[in-house]
K.L.:
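Below you'll find the structure I mean.
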Amino acid sequence: METLVMPAINFAAIMPETILSIVAMVLLLLNVFVPGEQKAYLGYLSLVGIVVAFFSVVSGWNAPLSLQEGFNGSVLQDNFSLFFKAIFLISSGLAVLISDHYMVKEECNHGELYPLILFATAGMMLMSSGTDMMTIFLGLEVLSVSLYVLAGFKRADTKSNEAGLKYFLLGAFSTGFLLYGMALTYGATGTTKIAGIAAAAAQDGTLSANPMFVVGMLLMATGFSFKVAAAPFHMWTPDVYEGAPTPMTAFMSAGPKAAGFAAFIRVLMVAMPVLAVDWSSLLWVLAVLTMTVGNVIALTQNNIKRMLAYSSIAHAGYCLVGFAAGNGEGTAGILFYMLSYAFMNIGAFAIIILVGKKGEPNNNVEDYAGFSVKHPVLAMVMALFLFSLAGIPPTAGFIGKFYLFSSALKAGYIWLVIIGVLNSAASCYYYLRVMVFMYMKDPVEEFDWMKLSPPVLLCIAISVVGVVVPGVVPSIILQLAQKAILL
Amino acid sequence: METLFFTIVAAVAVLSSILVITCKNPINSALSLVMTFFCLATFYVMLDAPFMAAIQVIVYAGAIMVLIVFVIMLLNIRSETGKRSNHAVAISSIVAFFVLFETCYFLFRSTAAKEGMGPITSSVVESVGHTELIGKAMYSQFLLPFEITSLLLLVAIIGAVVLSKKKI
Amino acid sequence: MLEKYLILSAILFSIGTLGVLIRRNAIVMFMCIELMLNAVNLTFIALSKHLGNIDGQVFVFFVMTVAAAEAAVGLALMIAFFKNRESIDVEDINMMKW
Amino acid sequence: MFDNVWLIPLFPLIGFLINGLFGKTIKEEKVIGGIGAFAVLCSFAVACMTLFNIISLPVHERVHNVPIFTWIKSGTFQADIAFLIDPLSCIMLMVVTGVGFLIHVYSIGYMHGEEGFYRFFSYLNLFMFSMLLLVMGNNLLLMFVGWEGVGLCSYLLIGYYFHKKSAGDAGKKAFVMNRVGDFGFLLGIFSLYWWLGQNHGIWTIQFTELAKHAELFQGCTILTAITLVFFVGATGKSAQLPLYTWLPDAMEGPTPVSALIHAATMVTAGVYMIARMNFLYIQAPTTLTVVALVGGATALFAATIGTAQNDIKRVLAYSTVSQLGYMFLAMGVGAFAAGIFHLMTHAFFKACLFLGSGAVIHSMHGALHHAHSHDDAQDMRNMGGLWKKMPLTYGTFLVATIAIAGIPPFAGFFSKDEILWQAFANPLHGDLNYLLWGMGALAALLTAFYMFRLVFMTFHGECRINPAAKDHLHESPMVIVFPLIVLAILSAVGGFIGIPKLIGDALGGVSNKFELFLTPVFEFSEEFNKTHGLIAAHHSAGTEWGLMLLSVVIAVIGISIAFVMYVQNNTLPAKFTATFPGLHRAVFNKWYVDELYDFLFVNPCKSLGNFLWKGFDVVVVDGIVNGVGSIFMGFSGVLRHIQSGYVFNYAFSMTLGVVVIVAFYIFR
Amino acid sequence: MNQMPALLSIITFTPLIGVILLLFMNKNNHSVLRGLAMVVTLITFLASLPLVTGFQSNAEFQFVEMVPWIAAGPFQMNYHVGIDGISLWLVILTTFIMPIAVLSTWTAVEEKVKEYMICLLLLEVGMLGAFISIDLFLFYIFWEVMLIPMYFIIGIWGGKRKVYAAVKFFIYTMVGSLLMLVALIYLYFKAGGGDFNLLNFYQLSLDPATQTWLFLAFALAFAIKVPMFPLHTWLPDAHTEAPTAGSVILAAILLKMGTYGFVRFAMPLFPDATAKFTPLIATLAVIGIIYAALVAMVQEDVKKLVAYSSVAHLGFVMLGVFALNQQGVAGGMLQMLNHGVSTGALFLIVGFIYERRHTRLITDFGGLSKQMPVFATIFMVVTLSSIGLPGTNGFVGEFLVLLGAFEGGLRWYAVIATSGVILSAVYMLWMFQRVMFGELNNPKNQTLKDLNAREIAIMAPLLVLIFFMGVYPTPFLNKMSPAIDRMIQLSTTKYAARLQQQVPAGLQQMAPMVTTPPAMEMK
């Protein structure tokens, strides 16, 4: 019997996760000593952690394979995952920036918020870099469990409770399917490693016709579809987004969705290229359903948070279009899109947070009547985010959509793209509706309660840059994304 | 002999799990679930995984179910006041039946990877010991996932604290 | 041998699914989800035995951990909800819709 | 030699600009009127010089193109701003500038004290400019510019009293009817240009070029179509059936306008155009038949209406329509020179008549105004016995009336008789000749009748004007009377330049100078007729003399009937009306043509427009657009209810999704 | 060559500088804001004049600038701009109309002046950019950029149903342009990558089926913008609700994007499809002419009437463009400019009376001539230009269009379209009569003031152009004709070549005589 051989513990491969976890634990300890009204400092500290982690992400870019791999093939911090990690860090950073203002206003600024965000981020990172189904699964669970808590973070608020509980029940339920899928895949290939699955499939030509393998793939796909909120696994999204504290909604719509895509892409594209025909046709259908359901239902939404929730479903649909294409451009498109989506969506939520009044969330579209009169700059910025969400140049949203759709066109999915653009056109309606109220209606409210909190403004400013710059000069980021693709 | 034993335990497992979803009183459901867990533990033993059987009993039946029962008691939940409407149940059953049907259907048509591909056989388990095998695997090959579980539990603890502690 | 276990776990999984669909009590729903997870565990261990590969059992170990963590958080959420609404019936978890 | 012809249209243009831009600040009527009239006088002078120059040249060097600059050039298509100076345009120049000048002078007096005096003169000058372009343009497009330009001025001047709804309506009607004609004209240009270019590689719209290649059209059927659509243009402009209805309404404009535009110049543009393109028409016998029939029918038809009108200007308007019909009759029988000749003489006497009527109206108006009476100053039933009050006007008016009635040796006789003779004798239309001649003769009879009815009702008999106003009637000032006299003289003697060959021979070899002068223009047609044996030579001189006599007799009969009915026995008209009430009502109401047009075109268009707007645009197209929107919104409204808020439903949807997906893949 | 480098970029982005300056201005100091916008647009206009003088009358793109812009994955987009005879005048038209538009809102817009001016200037950037783009991707970007400020202009400063009109405008246009984007990308992949250089795409030889679909996608986008019957219903709404300057720009320039798109993209890129769809488009164009005229006739709102007249005018343009011969296309292009000038002027005029009376219903007016003689004169001139009276600009374009259509394959369409000449006179003059003529009955109209100096200054350049283009269109035609020749060649050559392959040898002479295009190498 061989002795225990410890694997090469390559901390370089999990450096960002490590940093975040350590900072989170430090914050947990500090939390005891920081009085209630000064929890913001924890936020700043966590920002420091995020920035440091970001640097480690940057330094890991294009690192040699030896530095990327670690833990016996459990994790691989390649460019792909690094790009995603950057997205996670940006979304969590932005979410941290907008949290304190909101939490203080809502009187629930518990210090645990920031560690939880950081843990969630670490979980996302593990999802994106995990090359073992176990790593991916556990990363996903770290993320999910944190998010259940974050969604229900406003303990005293029934809606928040409800959001947390719904998210929890459905999340756990979907975990069942995901796990079953993993089990079947394991059964069909005899391994839980991504690379191993791919190798097994490559070796055994019959595997692609083996129902156990196919169904395993399908069940895993449904599990990930739940995470990225693809129809018909999207049902939790609107309720949870609406009920969760707004900063967390912003966070959830950007980071975890990207994480879902990261794992989704890695599993399907790296482990199961032999099933490409199957999954891309599945994704075709999912994409159409998701875009259509998201956009159509968003048309009649009055609550702006809920509207953005449906819109986020639709955006997942756009990403699925690129995913269905199954080519490098599609992946690069998703990378780019998730990045820009983080900026534009969190930016929009930041403004929603500013507009919200204690007790009255002011989340209805009507509450924005005349916003432009009182706050022209903020209204303009909100319009910018909405235009970006609608995919109108020269914003990042347009470039991203362009890239996604063109990848699908390259793969020959013309009808998919046509459905996509028609959806995109329909989506203009509800984005414009917000602008109609901001710009074209007379003010009802005075908006005098609005406190322009500097961190929130900073978040908005960063988001503006993140929306405009990639929209005007997308080259650099697109090239990075192109280098980060898996194939 | 083994088949017979399997059949009996499987029948108990299925029955108790049916009880889980049919009992009106949550406590009864919980107890039925514990029953199922025990059946599963039996299977684990039969499948040469005695360590898993042990933690199945300890963690699941012992910890998780206790927690659940505790919460049921804490919240003083009685039997469900109303039931889902019959046709909701019917439709759900049909869908669940389809889940079963499809699973069985494809299972019958599919082949698992080659038997005995790996090094672990009953004899190895007997000679080395299951716990050691698991432990080695966990501390070598699956070190990272194992570490992640620590994060996970930490998060769960924080979460539970945040959500239910009295004062902030 | 393997098929029996797989079929059995499929049956358990389906029962768990059905339970989630038809029960109104959130805790019972959660128990049903646990049942599903256990069915998957059975699959894993059966497959592990079949393949002669211990990975599946390790996976089950992690699943159990996850189940424990989820139980902690989930029950905490239920308690928080119950505090506000005096109910744990999913038909009352219905403030947000449409 | 003709380098300075561009001055001819330029002067009125300058006049237009000065009066149009600064007229309001100038205010001084004499200056404004002076500028207007002087501009035309200058044109007239240059035109005279041009005429002399032309005459001084040998007959076959009398056609000149004077290019100014390239206007439109696109691919093979080129249209220049360039002028064509030839005998035909010279004659038109003389008529237009000459009569135009007189009318300008007249207007100074007539329009005295009117609001917008400057506007009137600027419009008049603009009209002169356009008309001169029309006449002088050396290509179809430039002619079309003038063509539309005069239409515009006509519109502006008819609508001069814009505050009157009837004036606005009349102006619009005139413009639109003209546009209908222009539609034909445009199609004519297109088809001519396209056909010649496509088949012979000659891409041109220039008259001289076209004339050069006229024989290419020989015997081709499309020519009929081309000439017909041009003729549609002519009917619009020259108020022929069926597009004549605007002209009587055009009398809403000030009287000098009626004289200038709606009698002497613009309305003859159609005739001029056909004469200009005679080389095409002569080769299209079918078209010629149509032209002749339309002309004859219009002459007769308008004459019938003229007999029953009471408005002095309307009678003249219908008479104009009728006389234009004569001209077209002439064109239709290939007697281009005769048509142009009638055009000229008609310009003299009809201008005189209109101006005379204007003088009467002016006087009546003034008198009625003094008497605070609201009687209609233009209604002949309010007049009578005016000759004593306005002897000079009466005299000139009478001369012109005799001329139009066709009593020798006044101008109208020669021209009208020539046309009738040609209609009778030209073999172009075979047996239709007699019909054409008959229509012409009958129209002549009616013309003589209603013109003298007009004279008798206006100037003779007892004075029916409001007694209070009676004493305020007086002769017009010199500035008004002077043009009348000049025009009367022209009406009286103008015919002598075109003495028919027959009479000329009888007088000892006096040639028809007019026809000779126009030879270069109509040479092709004449040659064509000769080669095709279409020469009116087989009738004896006796027949011609007989017809000439007959036409005089007809005129005299017409005059006599008028005399009997309106001087001798005033009750006759009433009796007549009582006997044939239906007929009278029909004639009085202009045969209900306006109503017919309303029924046929105007109302359907309006209802169609309304239907398309409210029915199609709003309901169908917008309905579809908004419908798609509503469908989506409806879907949205329904779909959002799937989001029931119940966890088990959500779980159910997920499970169902899994089941369907898996089912699809394993049962595929 | 005395062509200034980077001139096009300077022209295009000067308004953007204006926007940035405006952003930092005090929003309450209206006159400064207006003045700044005015100055910026004027500078842009003056800067664009060297384009005319420096432009060589040949078919090539001139003032070309090319900077690599996006290079990622399979894509290579460049900032590649330049103008040829087709776009030259549209650029000038844009820079010319903008100061007028700014001036026209001097008093009409009192609220949110800063935002308004920003929108106007942004709009100018978008329009200019779209006209000068050679890179298709760049074109698309600018094409979409135009949408936003226009949306706000209609939606914020519009009339009662502004929201409906603005949203309808936006989504209507969006649907079309997104489908165009799909076609654009598809085309790009068909071309085998490289970049989005239009000139490269011109060289493609696509199979007819592909062309059909691509053409349809492009044509839909452009037809909505034009707008062609039956996609026109957004236009009356947008026009009616938009403030004066918005209507002016919309009519004068934005609509031209559609026809320009046809000439620049849809037709030369897809010759077979163009040939195939010519009857359809010509039919729609002709229906548009007649239909819009009939509908215009019964309108009660002056602005709506003018809007429908736009539809009719653009129908002429489409007819001419699809005649695919020098006269037709040149006429169409000229008609685009004419429509810009005269319909722009008409909207200004409607704006003037709206500012005075706050109503646009025809029945509320009548007899204004008496009270406002200068206004009446200008209105008359513009009306006449709009109905295509010879001597005004409207005529030259309309005539060439009809001539071209008649001469080309669209003979009967031209005949029917010509009857539109009658109808346009009917509705315009009827409207003019009801507004300006008749008795001055309404007491509210009896105190109206005539145009002031500013308003006359707005109209004066337009009037000058109306006559200048009517009397001396040669410079316009000369500069555009080589480019048009090339466009025709591109739109017919490949099609003819294909025809020749199919047609038996004996019939080859039937195909139009065309020469091969000058060799342009693929990058």
Side-chain angles (χ1 to χ4, degrees), chain A residues 132-135 137-138 140-142 144-146 148-149 151-184 186-193 196 212 238-243 297 300-303 306, chain C residues 2 6 9-10 13 16-17 20-21 26 29-30 32-48 50-53 55-56 58-63 65-67 69-85 88 90 92-98:
Chain A
D132 189 315
M133 289 198 291
M134 289 186 210
T135 322
F137 173 68
L138 286 168
L140 182 115
E141 282 305 320
V142 171
S144 301
V145 170
S146 317
Y148 302 151
V149 180
F153 202 77
K154 281 199 295 180
R155 290 189 313 186
D157 180 41
T158 333
K159 280 194 167 186
S160 182
N161 293 147
E162 187 177 323
L165 195 49
K166 266 184 184 166
Y167 194 18
F168 163 71
L169 286 172
L170 293 167
F173 186 59
S174 84
T175 307
F177 286 103
L178 176 72
L179 264 181
Y180 205 10
M182 286 180 168
L184 294 174
Y186 167 67
T189 58
T191 175
T192 58
K193 297 253 184 296
M212 191 185 261
D239 294 3
V240 174
Y241 279 21
E242 188 189 340
I297 303 188
T300 44
Q301 295 304 323
N302 224 20
N303 183 313
R306 205 170 167 82
Chain C
L2 173 67
L6 292 186
S9 67
F13 189 84
T17 313
V20 174
L21 298 186
M29 279 176 88
F30 177 62
C32 295
I33 292 169
E34 291 297 329
L35 186 57
M36 289 165 72
L37 294 184
N38 271 281
V40 177
N41 285 353
L42 183 58
T43 312
F44 261 122
I45 291 180
L47 285 168
S48 169
H50 170 79
L51 298 168
N53 175 329
D55 298 6
V58 178
F59 213 136
V60 170
F61 180 84
F62 293 139
V63 173
T65 325
V66 165
E70 281 190 347
V73 169
L75 292 172
L77 278 165
M78 286 178 206
I79 291 170
F81 185 79
F82 189 85
K83 276 183 189 161
N84 285 327
R85 294 289 302 270
I88 200 69
V90 285
D92 293 327
I93 314 180
N94 192 27
M95 277 184 74
M96 290 169 296
K97 55 191 164 198
W98 301 329

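Each chain gets a letter, A, B and so on, in the order the sequences are listed, and its residues count up from 1.
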K.L.:
Between A/Met134 and C/Asp55, which heavy-atom pair has the shortest distance, and what is it?
P.N.:
CE-O, 3.2 Å
K.L.:
Between A/Ala156 and chain C, which part of the residue has a heavy atom less than 4.5 Å away: side chain, backbone, both or neither?
P.N.:
backbone
K.L.:
Against chain A, label C/Ala10 side chain, backbone, both or neither, depending on which of its atoms sit under 4.5 Å from a heavy atom there.
P.N.:
both
K.L.:
Between A/Tyr186 and C/Gly56 (side chain of the first, backbone of the second, donor and acceptor by atom type, cut-off under 3.5 Å), is there such a pair?
P.N.:
yes
K.L.:
Please report, to 0.1 Å, the donor-acceptor pairs under 3.5 Å made by any side chain of residues 172-184 of chain A, with sequence neighbours excluded.
P.N.:
unit_1, atom_1, unit_2, atom_2, d
A/Ser174, OG, A/Gly171, O, 3.0
A/Thr175, OG1, A/Glu141, OE2, 3.3
A/Thr175, OG1, A/Gly171, O, 2.6

K.L.:
Among residues at least two apart in sequence or on other chains, which ones pass side chain to side chain contact (heavy atoms under 4.5 Å, CB included) with C/Ala80?
P.N.:
A/Asn161
K.L.:
Determine whether C/Arg85 and A/Leu165 make a side-chain contact, defined as any pair of heavy atoms from C-beta on separated by less than 4.5 Å.
P.N.:
no
K.L.:
Work out which heavy atom in C/Asn94 is nearest to a heavy atom in A/Lys166; give both atom names and the distance.
P.N.:
CA-NZ, 4.4 Å
K.L.:
Do the side chain of A/Glu162 and the main chain of C/Met96 share a donor and acceptor less than 3.5 angstrom apart?
P.N.:
yes
K.L.:
Which region of A/Asp132, side chain (C-beta onward) or backbone (N, CA, C, O), has a non-hydrogen atom less than 4.5 Å from a non-hydrogen atom of chain C, or is it both or neither?
P.N.:
neither
K.L.:
What's the spacing between A/Thr158 OG1 and C/Lys83 NZ if we round to 0.5 Å?
P.N.:
13.0 Å
K.L.:
Which distance, rounded to the nearest 0.5 Å, do you find between the CG of C/Asn53 and the OG1 of A/Thr192?
P.N.:
7.5 Å
K.L.:
Can a donor-acceptor pair be found, under 3.5 Å and without considering hydrogens, that links the side chain of C/Asn84 to the backbone of A/Arg155?
P.N.:
yes
K.L.:
Count the heavy-atom pairs under 4.5 Å between each of C/Phe30, C/Phe59, C/Phe81, C/Phe62 and chain A, then report the option with the highest count.
P.N.:
C/Phe59
K.L.:
Where does C/Val60 contact chain A at under 4.5 Å (heavy atoms): side chain, backbone, both or neither?
P.N.:
neither
K.L.:
Could you tell me which of A/Arg306, A/Glu242, A/Lys193 has the largest number of non-hydrogen atom pairs under 4.5 Å with chain C?
P.N.:
A/Arg306
K.L.:
What part of C/Met78 lies closer than 4.5 angstrom to a heavy atom of chain A: side chain, backbone, both or neither?
P.N.:
both
K.L.:
Tell me, out of C/Asn41, C/Val63, C/Val20, C/Leu77, who's got the most heavy-atom pairs with chain A below 4.5 Å.
P.N.:
C/Leu77
K.L.:
With only heavy atoms counted, which part of C/Thr65 is less than 4.5 Å from chain A, the side chain, the backbone, both or neither?
P.N.:
neither
K.L.:
Against chain A, work out which of C/Ile93, C/Val40, C/Leu47 has the most heavy-atom pairs shorter than 4.5 Å and name it.
P.N.:
C/Ile93
